[in-house]
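Remember, it's 1-based here, ligands and their atoms both numbered in the order they're listed. Residues: numbered from 1 along the sequence shown. Hydrogens, waters and symmetry mates play no part in the numbers below; they use all other heavy atoms, side chains included.
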Amino acid sequence: MNRKIILITGASRGIGASIARLAAERGYGVCLSFMKDSLAADALVAEIGASGGLALAVQADVSREEDVLRLFAALDGRFGRLDGLVNNAGVLDVQMRVEDMNASRIRRVFETNVLGSFLCAREAVRRMSTRHGGAGGAIVNLSSRAARLGSPGEYVDYAASKAAVETLTLGLAKEVAAEGIRVNAVAPGIIDTDIHASGGDPERVERLKSGIPMQRGGSPDEVARAVLWLLSGEASYTTGAVLDVAGGR
Ligand code: NAP
């Protein structure tokens with residue numbers, strides 16, 4: 001198969017869905033994973049197929065190792081190659097101070113955002129690294145501006161998990177740089193998706209936009225374009241970088 005294949009986790013909606021659409025438009029075959037929303041994932045696969053693209057949706061909770069192994073096995077079975085991974089699946093929980101957080105909340109955020117990114121990166125490296133007979137590739141991790149702003153009073157757990165994602169990006173980039181794999185991160189600011197509703201604040205973009213230097217929230221497509229650039233050969237000498245897509249925030 002000549003078509004390059006990209007795996008995007010958490011791509012049933014939001015930023016992941018935009019990345020999947022744009023990747024398909026640019027000629028990549030896409031494997032998109034989702035957690036619960038099979039209807040949205042199936043609709044996106046059908047939409048990509050109707051435009052002449054190639055897509056596969058696989059249900060997988062990235063925080064569960066057995067699910068990640070099943071996800072990559074499905075990808076191997078259908079496409080037989082992997083050229084890029086986007087670690088996009090990520091969660092936050094309702095806004096609260098650290099003193100009010102229980103362990104299960106913090107564990108869910110870290111297991112999805114950090115453990116999930118590690119497990120998927122591990123499987124991608126096993127397939128793409130020249131050390132393992134692969135042809136090289138690229139990994140893009142979704143961080144957040146929260147990693148360096150801290151998100152006080154909202155979700156310091158989420159911010160800390162994204163700081164870990166940035167350190168994963170830096171360390172892994174150096175580890176596999178001589179094996180044909182580039183590893184970078186995109187750090188979005190406040191982007192208009194459902195994630196704010198899952199934090200109990202669906203109007204967050206509207207509420208905070210006057211504090212953003214560009215005076216508006218970003219769109220998922222604006223993040224997708226940065227991710228696609230980092231995946232592409234246009235970014236051939238860029239690795240270990242964190243690219244802010246945050247309207248100056
Ligand atoms: P979103 O609209 O809430 O969508 C989250 C996606 O992740 C959904 O496809 C969801 O699947 C999937 N997902 C959730 N938990 C999962 C799990 N355990 N395993 C696999 N998939 C899972 O989020 P978004 O705003 O597009 O955010 C995408 C990424 O960008 C996240 O990493 C987020 O932290 C980061 N980010 C977002 C913003 C922002 O302002 N929106 C800013 C900075 C960074 P289902 O639909 O099936 O539930």
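In the vicinity of Thr112, heavy-atom distances shorter than 4.0 Å reach the ligand 1 atoms 17 (C), 18 (N). Residue Thr193 approaches ligand 1 through these ligand atoms, each under 4.0 Å from one of its heavy atoms: 2 (O), 24 (P), 25 (O), 26 (O), 41 (N). When each atom of ligand 1 is checked for a heavy atom of Tyr158 under 4.0 Å away, the hits are 33 (C), 34 (O), 35 (C), 36 (N), 43 (C), 44 (C).
Atom 45 (P) of ligand 1 has Ser12 OG, 3.4 Å as its closest protein atom, hydrogens excluded (heavy atom only). When hydrogens are left out, the protein atom nearest atom 28 (C) of ligand 1 is Asn88 OD1, 3.2 Å; that is the closest non-hydrogen contact. Scanning the protein for heavy atoms near atom 13 (N) of ligand 1, the closest one is Met35 CB, 3.9 Å. Protein heavy atom closest to atom 40 (O) of ligand 1, with residue, atom name and distance, is Ile191 N, 2.8 Å. Counting protein heavy atoms only, atom 5 (C) of ligand 1 is closest to Gly90 O, 4.1 Å. Ala89 CB, 3.5 Å is the protein heavy atom nearest to atom 21 (N) of ligand 1. In this structure, atom 19 (N) of ligand 1 lies nearest to the protein heavy atom Val62 N, 3.0 Å.
A distance of 5.5 Å separates CG in Leu149 from CZ in Arg249, rounded to the nearest 0.5 Å. Atoms CG and CG, from Leu168 and Asn113 in turn, are 12.0 Å apart once rounded to the nearest 0.5 Å. With rounding to the nearest 0.5 angstrom, the CG atom of Asp192 is 11.0 Å from the CG atom of Asp221.
Val223 and Tyr158 fall into different hydrophobic clusters, where Ile, Leu, Val, Met, Phe, Trp and Tyr are joined by side-chain heavy atoms under 4.5 Å apart, directly or via other members.
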Go through the steps for Arg108 and Glu111 under the test salt bridge (charged side-chain N to carboxylate O under 4.0 Å, His left out), then give the verdict.
CA-CA 5 Å; Arg108 183 176 82 97; Glu111 287 187 351; over 6 Å; no
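Residue contacts with ligand 1 do not include Glu111, since none of its heavy atoms lies under 4.0 Å from the ligand. Within the structure, the closest approach of Thr9 to ligand 1 does not fall below 4.0 Å when heavy atoms are considered. Ligand 1 lies out of reach of Ser18, whose nearest heavy atom is not under 4.0 Å from it. Ala11 counts as a contact of ligand 1, since one of its heavy atoms falls under 4.0 Å from the ligand.
The backbone N or O of Leu44 sits nowhere less than 3.5 Å from a side-chain atom of Arg21 that would complete a donor-acceptor pair. Ser129 places no side-chain N or O within 3.5 Å of a backbone atom of Arg126 that could act as its donor or acceptor partner. With hydrogens and angles disregarded, a donor-acceptor distance shorter than 3.5 Å links the side chain of Asn87 to the backbone of Ser117. Remark: the backbone N or O of Gly240 is paired with a side-chain donor or acceptor of Asn184 at under 3.5 angstrom. Without hydrogens or angle criteria, Asn88 side chain to Gly10 main chain gives a donor-acceptor distance under 3.5 Å. The main-chain N or O of Arg131 is never found under 3.5 Å from a side-chain atom of Glu179 such that the two would form a donor-acceptor pair.
Scanning Gly10, Ala60, Gly14 for the heavy atom closest to atom 20 (C) of ligand 1 points to Ala60. Looking at Arg13, Arg204, Gln59, Lys36 and measuring to atom 47 (O) of ligand 1, the nearest heavy atom belongs to Lys36. Of the listed residues (Gly189, Pro220, Ser143), the one carrying the non-hydrogen atom nearest atom 44 (C) of ligand 1 is Ser143. Heavy-atom proximity to atom 18 (N) of ligand 1, evaluated over Val205, Asp61, Ile19, is greatest for Asp61.
A salt bridge does not link Arg97 to Glu154: none of the charged side-chain nitrogens sits closer than 4.0 Å to a carboxylate oxygen. Between Glu65 and Arg122 there is a salt bridge, since at least one side-chain N of the basic residue sits less than 4.0 Å from a carboxylate O of the acidic one. Under 4.0 Å is where a charged nitrogen must lie from a carboxylate oxygen, and between Arg127 and Glu123 at least one such pair does.
Distances between N or O atoms of Ile15 and those of ligand 1 include at least one value under 3.5 Å. On a distance-only criterion, Ile190 and ligand 1 share no N/O pair closer than 3.5 Å. Annotation: Arg145 places no N or O atom under 3.5 Å from an N or O atom of ligand 1; distance criterion only.
Contact annotation for Asp37 and ligand 1: heavy atoms of both the backbone and the side chain come within less than 4.0 Å of the ligand. With a 4.0 Å heavy-atom cut-off, ligand 1 is reached by the side chain of Val91 but not by its N, CA, C or O. Under 4.0 angstrom from ligand 1, the non-hydrogen atoms of Lys162 all belong to its side chain.
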